[in-house]
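What follows is a short report on a single structure.
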Amino acid sequence: MTQPSAPVPYTDDDDIPLFAPTPKVYPQKVSGTYRRIKWGLLIVGMAIYYLLPFVRWDRGPNLPDQAVLVDFERRRFYFFFIELWPQEVYYFTGLLILAAIILFLMNALAGRVWCGYLCPQTVWTDLFLRVERFFEGDRRDRIKLDDAPWTADKVARKAGKHFVWLMIAWWTGGAWVLYFADAPTLVRDLATFQAPFTAYVWIGILTTTTYILAGHLREQVCLHMCPWPRIQAALTDEHALNVSYRYDRGEPRMSVKDAKRAREAEQPAGDCIDCHQCVAVCPTGVDIRQGSQLGCIQCGLCIDACDTVMTKIGRPTRLIAYDTDEAIMAREVGQTPTYKPIRARTMLYAAVIALVGGAMVYQLATRAFLGMNLIHDRTPLFVTLRDGSIRNTYTVRLINKRTESRQIALTIDGPTSVAMDVQGATPTSDWRPIVSVDPDTTREIRVLVTIPRSSLQSGTNMIRIKASDLFAGETVTIAENFFAP
Amino acid sequence: MADDKHTPPEVDRLTGIATTGHEWDGIKELNTPLPRWWLWTFYATIIWAIGYMVFYPAIPLISSHTVGLLGHTNRAAVQVELAKLETQRTIQAAGLANASFEQIKANPDLNRIALARGKAAFGDNCMGCHGAGGMGFVGYPNLADDDWIWGGKPEQIQQTILHGIRWEQSTDTRVGNMPAFGRTGMLKRDEIAESVEYVRSLAGLDVEKSANLAKGKEVFAANCASCHGDEGKGNQELGAPSLTDAIWLYGNSRAAMTEGLVNGRAGAMPSWSGRLDPVTIKALTVYVGSLGGGQ
Ligand code: SF4
Ligand code: SF4
């Protein structure tokens, strides 16, 4: 392809082009309050992500002692003291609803807090940018380096950067798989090439995606791939705190000298000196002075940049600040701005969070640790015995969600002289059949129930089987049909 | 691209991108090359495809196909998997073969394996006559009840499965004979009717008011008691069912009972030794015993 010549500026008669070529963003180094907050969150967040799999939690013998573990083989999810079975995945639905509403609430209060500080895309990109700066220098040096011809120095810098990026990406994938198996064992297996093939595949996938998303795509993810900016734009309102350029204070822009002169002449003078520092530090390359926009992830770095400038020229800081549209408009017409964090919208979000969260906590707290299912044998539905009595057979499934082995006594209630034979049970002194169920397992047993013909009516009769934990006292009762000819 | 190397390509005024020089009704095509990453991925897939064709079976020929350097076939891969499974089954089978029925019952693992194998074998071989879950049909005994014509202990069940019942090809088969009293003229019509009423009285079934039970008892003692016992309790040695319980292989209507006496009964069951291996038969025995009637 031939090098394109500079585009000819279009006139009103021309159509506006549909696509603009993407310029590369070279965010500049910045320091200040928000940068410090972001570093802090980055360190805490990554520490949790990388170290959590190594945290131990004692659950007794024969059970994994990893605090957070998704165990596909045994089909369990462990989270510290919580242990979920496959039939309880609805907790995750609850978590997803909570996550969505919390995101909405954050947005109603302080805009894209998630994007600016917490989203993995932002956090990893931040780290990758730090690495880039280490090898290639700050904004100016990087622009110059990219334009410069390939020299040994340039090759070395680029190679170093990509190598470290790949190492971080690889470590990211490595940490991910540790959530799905015993971490220390898996680390050893991975190192000695004994780990399951899927582990290597997943590490490969995550290494690639991390390297591409955080190293190469960066702000493109937020601009073109992530749905949240669109949803956020539709949800925000004039009362939400957003990173805003206080145009009431900044305009008209002029140099320090001009502003001084204007002030002396009691002419309107803005504080913005049009130094473009806020644009230079922006990780997505937007100009916040054009107002809230899709590209702004509200990381607050332009606040830090502008504060530095304002301090230098001796003007009050926070020309760019967390502010609401409402407040800016109020100040413009000389009214006192009001900040209303408590409004119908935030109360509604809070109420939904409390409701869903409360329901989940209640569910978890009152969760049954003993479960029973009764499955009636279909073939044969009933059997006539020699003495004429009728027998129905059931498969009883006992579910023990505790981490110790339990002794479950089964008793039956039904028509006169109902008798029960529990296969594989040992009777207690009072002749209740006892079934022992291993920790954290399900046991199926066959139960033959016999009832004399004289106490039955033709067709459907009812029985109740009760399972009681001999020591913990927990009980489950299930009623089921008993069929007679 | 413009054909002539010396004329610079025309550049689109709006976007600043060169055109390909193609034009349709005044609309010109921008020269927007494929993204690099896309192109490289595309090349990579081509290289992959070539490698694949070299190493794996790929190109269909007239009567066969290219085999590839690795000599891989899915059929062989399945064979390997099956062989693995077979090895494991052999180990399990050895465990079953060496264990007595008591040991199997006492060992949850062995018991589970026996039940699983037994259940599969039952579905393949026995269900056609005995029904799902051994529910039985008229003339084909229910295996889930507590009544056994030839005995319900594991050894007895195993013996029945091994050699069958009235199965002439097997020398050890179980033989018992319910003669055709009527057809052969051993009993007369009224004697048969009288013995039917007498047997009904033994079983607690309704009896004709006019019936001569004393006569029936006489006929029974002379002809039936030798197999079914003086009180009609049956004899498992001879495969003579009890006539006093609630279970009737052919039903307990007068017609069914009369038919038995007139034409005799001689249901047969094949011998399975030779057709099923000993371990499968053992597993079947355990499974049949577990249906509800095992002793
Ligand atoms: S726009 Fe999406 S990807 Fe970007 S920071 Fe926000 S949530 Fe993360
Ligand atoms: S405009 Fe400011 S707050 Fe928004 S993304 Fe850029 S630096 Fe961050």
Side-chain angles (χ1 to χ4, degrees), chain A residues 1-11 13-22 208 211-212 216-217 220 376-395 421 423-426 435-438 441 443-450 452-454 483 485, chain B residues 1-2 5 7-20 30-37 105-108 111-112 115 123 127 130-137 142-148 152 203-205 233-234 241-248 252 289-294:
Chain A
M1 198 179 119
T2 335
Q3 202 58 35
S5 47
V8 182
Y10 40 82
T11 64
D13 295 343
D14 292 322
D15 292 327
I16 310 266
L18 280 176
F19 300 102
T22 314
T208 319
Y211 173 70
I212 292 177
H216 294 277
L217 287 182
Q220 304 288 319
H376 193 292
D377 265 17
R378 295 280 132 187
T379 46
L381 210 48
F382 53 80
V383 174
T384 307
L385 299 186
R386 280 190 302 187
D387 61 3
S389 54
I390 306 299
R391 188 169 69 202
N392 282 204
T393 307
Y394 304 84
T395 302
D421 175 15
Q423 293 189 342
T426 38
V435 182
S436 85
V437 188
D438 288 343
T441 49
R443 179 165 175 196
E444 277 186 8
I445 27 168
R446 277 166 56 86
V447 172
L448 315 179
V449 177
T450 309
R453 190 69 189 84
S454 54
F483 294 106
Chain B
M1 285 279 167
K5 282 208 172 70
T7 11
E10 188 189 351
V11 171
D12 176 60
R13 201 159 63 86
L14 278 181
T15 53
I17 296 175
T19 72
T20 56
L30 293 186
N31 182 14
T32 317
L34 290 168
R36 271 304 131 92
W37 66 265
K105 200 173 172 190
N107 180 332
N111 202 32
R112 192 172 43 77
L115 286 179
M127 216 167 81
H130 289 287
M135 64 192 288
F137 300 105
N142 182 328
L143 303 175
D145 63 23
D146 58 346
D147 188 30
W148 296 92
L205 297 167
K233 293 261 186 254
S242 161
L243 303 173
T244 57
D245 62 22
I247 294 168
W248 295 86
N252 59 11
S290 81
L291 289 175

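Per chain, numbering begins at 1; letters A, B, ... match sequence-line order. Just so it is clear, the structure is predicted and the values come from calculations on it, not from any experiment.
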Examine whether an atom of R378(A) lies under 4.5 Å from a heavy atom of chain B, and if so say whether it belongs to the side chain, the backbone or both; otherwise answer neither. neither
Heavy-atom closest pair (S290(B) atom, R446(A) atom, distance to 0.1 Å) is O-NH2, 3.4 Å
Of the non-hydrogen atoms in G133(B) and P380(A), which two are nearest, and what is the gap between them? O-CD, 3.6 Å
Of the listed D146(B), T244(B), N111(B), the one with the largest count of heavy-atom pairs under 4.5 Å with chain A is D146(B)
What are the two closest non-hydrogen atoms of R391(A) and G292(B), and how far apart are they? NH1-O, 3.1 Å
Those residues of residues 381-388 of chain A, ordered by number, that approach chain B below 4.5 Å (heavy atom to heavy atom): V383(A), T384(A), L385(A), R386(A), D387(A), G388(A)
Measuring heavy-atom distances to chain A, does D147(B) have an atom under 4.5 Å in its side chain, in its backbone, in both, or in neither? both
